[in-house]
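Remarks on the structure that follows.
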Amino acid sequence: MKVLIVGGGGREHAIATCVAKSPKVDKIYCAPGNAGIGQIAECVPIGAMEFDKIVAFAKEQAVDLTIVGMDDPLVGGLVDALEAEGLRAFGPRKNAAILEGSKAFSKDLMKKYNIPTAAYENFDNAEDAIKYLKEQASFPTVLKADGLALGKGVLICNTLEEALAGVDEIMLDKKFGAAGNRMVIEEFMTGREVSVLSFVDGKTIRIMTSAQDHKRAKDGDQGLNTGGMGTFSPSPFYTEEVDAFCKKYIYQATVDAMAAEGRPFKGVIFFGLMLTPNGPKVLEYNARFGDPEAQVVLPRMKNDIIEVMEACVDGTLDQIDLQFEDNAAVCVVLASDGYPVSYEKGYVINGLEKFNGKDGYYCFHAGTKLTDKGIVTNGGRVLGVTAKGATLKEARANAYEATEWITFENKYMRHDIGKAIDEA
């Protein structure tokens, strides 16, 4: 088989690493890819939103399966564009990717089908939002830009003043661009956050292992929201009771709701859950693998990823027994100091070769580029250093040990990824 992966981050490197293990695959392309992906796939200089070029390339090279890793092309309808030309693609169509593409849509869906989530209101203009905040909201409260905002369009406001400033930011100053044309105001929930990834074929859902992301830039969950500074899997807080509740009220219910709406979902649904005192509730849906969650979940999967993805496309997922190793994994993101605001790029990365042949250790490239100087930094999140271990504590120790193998100027990381494990 020939496989094309669309995207160029740590998630796509983790997917490519999994795809490379499949005996069914003899050629991997990645558009646009990065320096790490380039070691196992042929990177092609096509942007993820250049649909015409992606479709033309897939036809020219007779690609058997295109895996769309990123949210923007999914929400924009890349799968539809590929399927219109008779090409097989893994990922939801545009009418299903709206599950992530619009916060207002997903909240309305949950309300209609009684899927547990925080109470909320949707707003199309700033005046109504301000009136609601002044007259009805309780604090803290949560403001969310409706559209895609790179995981950053969420503001937690402790006071009315903060919330009014937040409305300005999202709806008037358009800090998150068109994503802020609509806004959701939501009740603030307390509890542990857990991420659960799943494969879906339109009617059947198979749950992957749980994970937990660390969104804040600095130790102790301080600093700004980022795309994710590290993850661990499984989450000790995702107990059998939580699993049973979610299977009963959330997972299949979401798949059935999308089918009932005439928007059958095929691909990956990422459930962002909050384990509240009143039971698990859905914080958000993503229509693809989380990044960096994919970097701790996929290395633990026993199945051939191509078999699973083809079953999703063909609607035969009920025949797949999805299995994960009985171990743990921790990923620590090595970032450029200053991320997510401003940072320098172009620094040479040393030590990558130390991962060669090391079983259970992975170095997933997120923001890297191959130059005549070697592999250099090319983004805010540069590398995801992942290690496995028999237990979470062992995996965490292994991951932090492996972060020392890599050096580059302005290297920055959190030192408390998975610290919650010690408290579990």
Side-chain angles (χ1 to χ4, degrees), residues 6-7 9-12 14-15 18 67-75 79 90-93 96-103 105-107 109-110 115-117 144 147-154 192-202 204-215 225-228 230-235 237-238 242-243 246-247 250-255 257-258 263 265-275 280-301 305 308-309 312 317 322 324 329 331 364 384:
V6 177
R11 162 185 46 222
E12 287 76 28
I15 293 169
C18 238
I67 301 166
V68 186
M70 297 169 64
D71 46 7
D72 282 334
L74 288 169
V75 171
V79 169
F90 175 80
R93 292 180 185 140
I98 190 174
L99 190 64
E100 174 172 11
S102 168
K103 300 273 192 306
F105 170 86
S106 66
K107 294 296 291 191
L109 183 87
M110 288 185 266
I115 296 165
T117 189
K144 294 182 175 179
L148 297 178
L150 299 172
K152 302 181 182 81
V154 177
R192 291 266 179 201
E193 273 189 56
V194 176
S195 308
V196 178
L197 293 162
S198 67
F199 287 107
V200 185
D201 72 353
T204 300
I205 183 166
R206 289 280 183 267
I207 300 302
M208 297 183 230
T209 179
S210 61
Q212 187 172 331
D213 187 13
H214 299 65
K215 281 280 183 212
N225 249 341
T226 71
T231 34
F232 59 87
S233 172
S235 166
F237 310 105
Y238 187 78
V242 171
D243 183 59
C246 293
K247 281 180 174 149
I250 295 174
Y251 300 148
Q252 189 68 48
T254 299
V255 178
M258 290 298 282
R263 301 170 181 270
F265 192 106
K266 292 185 174 191
V268 170
I269 298 180
F270 166 123
F271 296 87
L273 304 172
M274 180 73 87
L275 309 182
K281 294 188 179 184
V282 178
L283 268 177
E284 63 169 355
Y285 294 114
N286 291 337
R288 36 77 193 181
F289 283 105
D291 188 350
E293 288 89 350
Q295 301 176 46
V296 286
V297 169
L298 288 178
R300 299 182 53 228
M301 191 167 86
I305 196 170
V308 181
M309 287 181 168
C312 291
L317 191 60
L322 197 61
F324 287 81
C331 170
F364 296 119

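The residues of the chain are indexed from 1 along the displayed sequence. Values in this document were obtained by computation on a predicted structure and should not be read as measured data.
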Pairing residues for [X] by the ring-ring contact (aromatic ring centres under 6.0 Å, His included) criterion, not counting sequence neighbours:
| X | result |
| --- | --- |
| Tyr285 | Phe271 |
| Phe364 | His13, Tyr362 |
| Phe90 | none |

Residue pair [X] / [Y], side-chain heavy-atom distance below 4.5 Å:
| X | Y | answer |
| --- | --- | --- |
| Leu109 | Met258 | yes |
| Leu283 | Leu273 | no |
| Gln212 | Thr231 | no |
| Leu317 | Val308 | yes |
| Met208 | Leu322 | yes |

With rounding to the nearest 0.5 Å, note down the distance linking [atom1] in [X] to [atom2] in [Y].
| X | Y | atom1 | atom2 | result |
| --- | --- | --- | --- | --- |
| Cys246 | Ile115 | SG | CD1 | 11.5 Å |
| Glu12 | Ile67 | CD | CD1 | 10.0 Å |
| Met274 | Glu193 | CE | CD | 4.5 Å |
| Phe270 | Arg288 | CZ | CZ | 7.0 Å |
| Ile269 | Asn286 | CD1 | CG | 10.5 Å |
| Ser195 | Tyr238 | OG | OH | 11.5 Å |

With sequence neighbours left out, write down each residue that passes salt bridge (charged side-chain N to carboxylate O under 4.0 Å, His left out) with [X], or none if nothing qualifies.
| X | value |
| --- | --- |
| Lys266 | none |
| Arg11 | none |
| Arg206 | none |
| Glu284 | none |

I'd like to know whether CZ of Arg263 has more than 12 heavy-atom contacts from other residues, nucleotides or ligands below 6.0 angstrom. yes
Working note: Tyr251 + Ile207, criterion side-chain contact (heavy atoms from CB on, under 4.5 Å); need CA distance, chi angles, decisive distance, verdict. CA-CA 8 Å; Tyr251 300 148; Ile207 300 302; 3.4 Å; yes
List for me each residue that meets side chain to side chain donor-acceptor pair (under 3.5 Å) alongside [X], sequence neighbours excluded, and say none if there are none.
| X | value |
| --- | --- |
| Lys107 | Thr117, Glu186 |
| Gln295 | Asp291 |
| Asp213 | Lys215 |
| Thr204 | none |

Where [X] and [Y] come nearest, the two heavy atoms and their spacing:
| X | Y | answer |
| --- | --- | --- |
| Val200 | Phe265 | CG1-O, 3.1 Å |
| Ala14 | Ala294 | CB-O, 4.0 Å |
| Leu197 | Phe289 | CD2-CA, 3.9 Å |
| Asn225 | Val154 | ND2-O, 4.1 Å |
| Pro116 | Pro280 | CB-O, 3.7 Å |
| Phe232 | Ser235 | CE1-CA, 4.0 Å |

side-chain contact (heavy atoms from CB on, under 4.5 Å) evaluation trace for Val79 with Leu74: CA-CA 7 Å; Val79 169; Leu74 288 169; 3.8 Å; yes
So, does Thr254 use its side chain to make a donor-acceptor pair with the main chain of Ile250 at under 3.5 Å?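 Yes; judged by distance alone, with no hydrogens or angles, the pair exists.
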Keeping the roles fixed (side chain from Glu100, backbone from Ala97), state whether a donor-acceptor pair exists under 3.5 Å. no
Who pairs with Ala211 by side-chain contact (heavy atoms from CB on, under 4.5 Å), at least two apart in sequence or on another chain? Ser233, Glu293, Val296, Val297
